[in-house]
Amino acid sequence: MKRYNPQEIEAKWQKVWDDTKAFEVDEKSSKLKSYIAEMFPYPSGYGLHVGHVRNFMIVDAIARFYRQLGHNVMRPFGYDTFGLPAENYAIKTGLPPQETTLTNINHFREQFKRMGMAVDWSREINTSDPEYYRWTQWIFTRLYEKGLAYQAENLQWWCPHDKTVLANEQVEGGKCWRCGNEVKKKRMKQWFFKITAYADELLDEIDNLDWPEKIKTMQRNWIGRSQGAEIKFVVKNTMREISVFTTRPDTIFGATFMVLAPEHPLINELVNSKTRAAVNNYCETAMRKTEVERQENREKTGVFTGSYAINPATGEEIPIWVADYVLSTYGEGAIMAVPAHDERDYEFATKFSLPIKEVVKPHFIDSVNTPIDGKEWKERRACIAIVHDPKTDKYLCVEWLKQPWTAFVIGGMEPEDDGDIIKTAEREVHEETGYRNLKFKQVLPGEVVVEFYAQHKGINRRALYNGVLFELVDDERDELSADEEATQRAVWLNYDQIMNEPRMTGFKDQILYLERALGQNLVWTGEGDMINSGQFDGMESAEASEEIVAWLEEQGVGKSKVTYRMRDWLISRQRYWGCPIPIAYDAAGKAHLIPNDQLPVLLPKITDYQPDDSGRSALAKDKDWLKVTIDGEEMTRETDTMDGYACSSWYLLRYADPQNVEEAWSKSKVDYWNPVDFYVGGDHAVAHLLYVRFWCKFFADEGLLSFREPVKRLLYNGYINAPDGKKMSKSKGNVIDPIDIIDQGYGADALRTYELFIGPYELDAAWDPRGIGGVYRFLNRAWTVVQEYLEANEKGGDDSAALMRAQHSAVKRVTEDMYRNSFNTAVAALMEYVNELYKLKLDGFNPQWQEALEVLVKLLAPFAPHLACELFEQLGHEERIEDAGWPEWDDKYLVADEVELVVQVNGKVRAKIMMAADELENETVVLEIAKGQENVQAFINGKQIIKTIYVKKNRLVNIVVK
RNA sequence: GGGCGAGUGGCGGAAUCGGUAUACGCGACAGACUUAAAAUCUGUUGGUCUAAACAACCUUGCGGGUUCAAGUCCCGCCUCGCCUACCA
């Protein structure tokens, strides 16, 4: 028998695919189109490792599956080649990145082909190819003409190691995403793309994306829209105004000081001779700090400027401070500080003894806590209050109903008492014993007096309501006596006992109120009723928010405003190896676009790639290149290059029309192929995936596209880590090379199948060097079962229902799993199918086995395409398996003659009975048989059968007895 | 601090609608073949109890709840992971 030899058959079929251009497609097809792509890789000099390649495997399995289903599948590939590693390599070796990049691409392509990828190689893209980047530059000019590419001087993230600025998205925890060194702020004139112009659409459209929730949340957080107000504060004795942004305009009456970020431009004008030195000193120190240093020390610091502002709501003078807890980059770089309702302001106010003024009083929460008595009580909104006895400094827990103002004593417990606080309440309420008789009378708005009913009369206690302690009315006794019905289980607890009582853990909000009332925690950041706020007193804070903004607007000192956390996209890079920005400056320093007929602006070949601190890229050293003539005027070129993310923001469109020299893409081709049906990757959750969406919307506005979202479905795959669970990396030396695995004899098919079998695609997994052996064994068994069939020379026996069932069940399972991207269970189903074929024992040549094996091979093709092609050919087909279709199943073959009935008594399995399938139809008979079982009898004998449940579809009987 | 996930055998994991928990694979153990090893094939493999089997009981992070029935639904908690972080 011929042995399974992956090396041999893989080389054979890879050559066939290459020679016949097996996966090249065009848009002249009546089939349904599917466009399936991975996030294209950066072709590093190290090549691929098994961690990288998983998303290629996923894409390939999906692409081959849809191809077999009869779709017109485009599965392109490309390389994201601009970027630092190639340039750093050039600095080190002097080899031009243009050359090393091509070497790397060739290496990648080689590796890629050895994995048997079903790629349309006519669509290969390389972003550093001038034929590609001329269009990146052309897009820049379109953005520039629409005012969406602009220059601004600002403080920017600067990586002192890589000598370039970075976008916010590229600063990770205060460090450069490439080299890991701490970044600094540097004031520079830089190019931006105005992504914020699309902030609302980018945010709102997230809801409609068929993307993983995780990514959608990250994008929402990144965009970070806050609805609030911009309010102007006049600086006392000047005409100056300071604008602040706040999401809580309702708290303006509580604004007792202002704080400016150290970078705030007005600071110089606010200081006086006494404060100038200290303020300057503080600002300089703050601005020298790196992001990491600022994060490390959260202790509030700050200095008083010497100036005062007028609170537009109260007319009061409030001091203006400078502190680094206010960020220059968010909102207006200045805040109105409301220490009573903002924890940071509170901290600051406490530290510097600034006034704290409460303006929002929390009202009773109506969140439902623990249900007291099942459903009935769930409907009623209740919560826990804690009654404080000032004389003994102890507390009583009270269950509190919102309407009417009654409450139940539910608590109070001895520390030793293991009766549950909730249980107690349940029992008492349930039994209607009548001591739910704490009664609360509302005497003033928001205030309540608590009266005890008969049993409780005469107790002087105070109740906590609306976060305030109230006296109970009577004052006769200090202690509750044990024989008093209502309180026989109630014991006064002191504060610490309550806080440490594990059964109080559900009452977080109540504890918060308690803390507040006791002065332990004075900051209330939630909603509530307005106090100390003039005409707004008594209003709900949410309502007051709108009213106050309207009121401020009338006086021209405020307006409602939306602020985003997302900033514009900084795209200048002071590096050589990137797409040149198509701009030149005239003698006056004014920027001009390089005209379209002078594109592309080619990257010149240079010899000294070393960047420096000048803030200009190494391109500045090429004096000839710098000179350019536009409309007869001599100008100097921009030396910055574009962020690599610019190049990758439109490649998904270029794949549809990669050879076009007339335009970036032809609209008709893109309209045919795009948007992408499946986009697969495990990185770039915000940056790339946000930029792609941004540009798509811009192109749509320009009439270049007829859709506004570029990616229909995103699969975000997990990583494959090293066997020790750590990320694979060259520096850690734990890299596993896929080509090594292939060459060890396992072959590409085993590698592919294993990477999909290892676990759900969206979760991380650790590479198990033994795991691939199991998959290889499985493929080997598939091979063997076909060989045995081919070598059988006798005519076989009758049709076997078991074989039909195995076949149709495998088709159903694999197909359904493929549709829901559950690749690991699809492989498991295939393994079971092969195991069954083994067990069924081939009895010779017959058409049924032929079909069963052809089905196996077709199902196998997305995972192990070489093996599938080879076996398909061996089974006598000249037709290529990609075009041989996807098998279908018929449910009628899935029904077995004999089925297993499960009999439960009180939900526990007591017997399993084999019975004829048609017997299931008659419920009476089924129940009869079920009850007749010996082991079932043992559990129902002498007991009363309350009811029986028969679930036919699950072949299950449950007998309930008492 | 905030947000989002996850928690099931020795391990990776399965259970799609609430209906037989532990599919499939790895590992381990036993056997066949072999001079031997590898490869291959055939069994066994959650725990307690047991010499073994049957039966019983326990078991999906913990505590409650709903249900005839809960890994799955509800409430509360714990742990781990990822993201984010002085965003006003």
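The figures here come from the full heavy-atom set of this structure, side chains too, leaving out hydrogens, waters and symmetry mates. In what follows, chains carry the letters A, B, and so on, assigned in the order in which the sequence lines appear, proteins first and then strands, with residues in each chain numbered from 1.
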Visitor: Using only heavy-atom distances, decide whether a donor-acceptor pair under 3.5 angstrom links the side-chain of A:K214 to the base of B:C82.
Guide: no
Visitor: Tell me whether the OP1 or OP2 atom of B:C11 has a side-chain N or O from A:R770 closer than 4.0 Å.
Guide: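 Answer is no, no contact under 4.0 Å.
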Visitor: Any N or O donor-acceptor pair linking the side chain of A:E900 to the base of B:U20 at under 3.5 Å?
Guide: yes
Visitor: Of A:F245 and A:M218, whose nearest nucleotide on RNA chain B comes first from the 5' end?
Guide: A:M218
Visitor: Is B:G9 in the syn or the anti form, by the rule that syn lies within 90° of 0?
Guide: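 Classified syn.
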Visitor: With a non-hydrogen cut-off below 4.0 angstrom, is A:K912 in contact with a base, only sugar-phosphate, or nothing?
Guide: base
Visitor: Could you tell me whether A:E332 and A:K561 have a side-chain N and a carboxylate O separated by less than 4.0 Å?
Guide: yes
Visitor: Tell me whether the side-chain N/O atoms of A:T563 come closer than 4.0 Å to OP1 or OP2 in B:C87.
Guide: no
Visitor: Side chain of A:T825, heavy atoms from C-beta onward: which of B:A14, B:A88, B:U20 has the nearest atom to it?
Guide: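 Within the option list, the nearest is B:A14.
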Visitor: Base, sugar-phosphate, or nothing: which does A:E343 touch, judged by heavy atoms less than 4.0 Å apart?
Guide: nothing
Visitor: Tell me what A:G774 touches on the nucleic acid: a base, only sugar-phosphate, or nothing, going by heavy atoms under 4.0 Å.
Guide: sugar-phosphate
Visitor: What I want to check is whether the side chains of A:R781 and A:N835 have a donor and an acceptor closer together than 3.5 Å.
Guide: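 Yes, A:N835 and A:R781 have a side-chain donor paired with an acceptor closer than 3.5 Å.
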Visitor: Under 4.0 angstrom, heavy atoms only, what part of the nucleic acid is A:D345 near: base, sugar-phosphate, or nothing?
Guide: nothing
Visitor: Any base atoms under 4.0 Å from A:V960, or only sugar-phosphate, or nothing? Heavy atoms, all strands.
Guide: sugar-phosphate
Visitor: Which residue, A:R565 or A:N835, contacts RNA chain B at a nucleotide closer to its 5' end, judged by nearest heavy atom?
Guide: A:N835
Visitor: Mind telling me if B:C17 is syn or anti? Syn here is a glycosidic angle within 90° of 0.
Guide: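 Syn.
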Visitor: Assign A:R910 to base, sugar-phosphate, or nothing according to its heavy-atom contacts below 4.0 angstrom with the strands shown.
Guide: sugar-phosphate
Visitor: State, without any angle test, whether A:T196 and A:Y564 hold a side-chain donor-acceptor pair at a distance under 3.5 Å.
Guide: no
Visitor: Checking contacts here: which listed nucleotide (B:A55, B:G3, B:G19) is nearest the side-chain heavy atoms of A:V951?
Guide: B:G19
Visitor: How about A:Y4 and A:Y776: are their ring centroids closer than 6.0 Å?
Guide: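 Centroid distance A:Y4-A:Y776: below 6.0 Å, so yes.
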Visitor: With both distances under 3.5 Å as the test, what is the Watson-Crick or G-U wobble partner of B:G63?
Guide: B:C75
Visitor: Identify whether any heavy atom of A:I758 sits under 4.0 Å from a base atom; if not, whether one sits that close to sugar-phosphate; answer base, sugar-phosphate or nothing.
Guide: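 Since only primed, P, OP1 and OP2 atoms lie under 4.0 Å of A:I758, the category is sugar-phosphate.
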Visitor: Salt bridge check: are A:E347 and A:K300 linked by an N-O gap of less than 4.0 Å?
Guide: yes
Visitor: Looking at every strand, decide which applies to A:R813 at a 4.0 Å heavy-atom threshold: base, sugar-phosphate, or nothing.
Guide: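 Since no nucleic acid heavy atom lies under 4.0 Å of A:R813, the category is nothing.
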Visitor: Can you identify which nucleotide, out of B:C68, B:G43, B:A15, has its nearest atom closest to the A:K839 side chain?
Guide: B:G43
Visitor: A:D768 near the nucleic acid: base, sugar-phosphate alone, or nothing, with a heavy-atom cut-off under 4.0 Å?
Guide: sugar-phosphate
Visitor: Would you find a donor on one side and an acceptor on the other, under 3.5 Å apart, between the side chain of A:T753 and the backbone of A:A750?
Guide: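 Such a contact is absent between A:T753 side chain and A:A750 backbone.
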Visitor: Touch check for A:Y716, heavy atoms < 4.0 angstrom, all strands: base, sugar-phosphate only, or nothing?
Guide: nothing
Visitor: Would you classify A:R777 as touching base, sugar-phosphate or nothing, given that sugar-phosphate means primed atoms plus P, OP1 and OP2, and contacts are heavy atoms under 4.0 Å?
Guide: sugar-phosphate
Visitor: Need one value for A:R344: base, sugar-phosphate or nothing, where a base atom within 4.0 Å counts as base even if backbone is also close, heavy atoms only.
Guide: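 Counting heavy atoms under 4.0 Å across all strands, the contact made by A:R344 includes a base.
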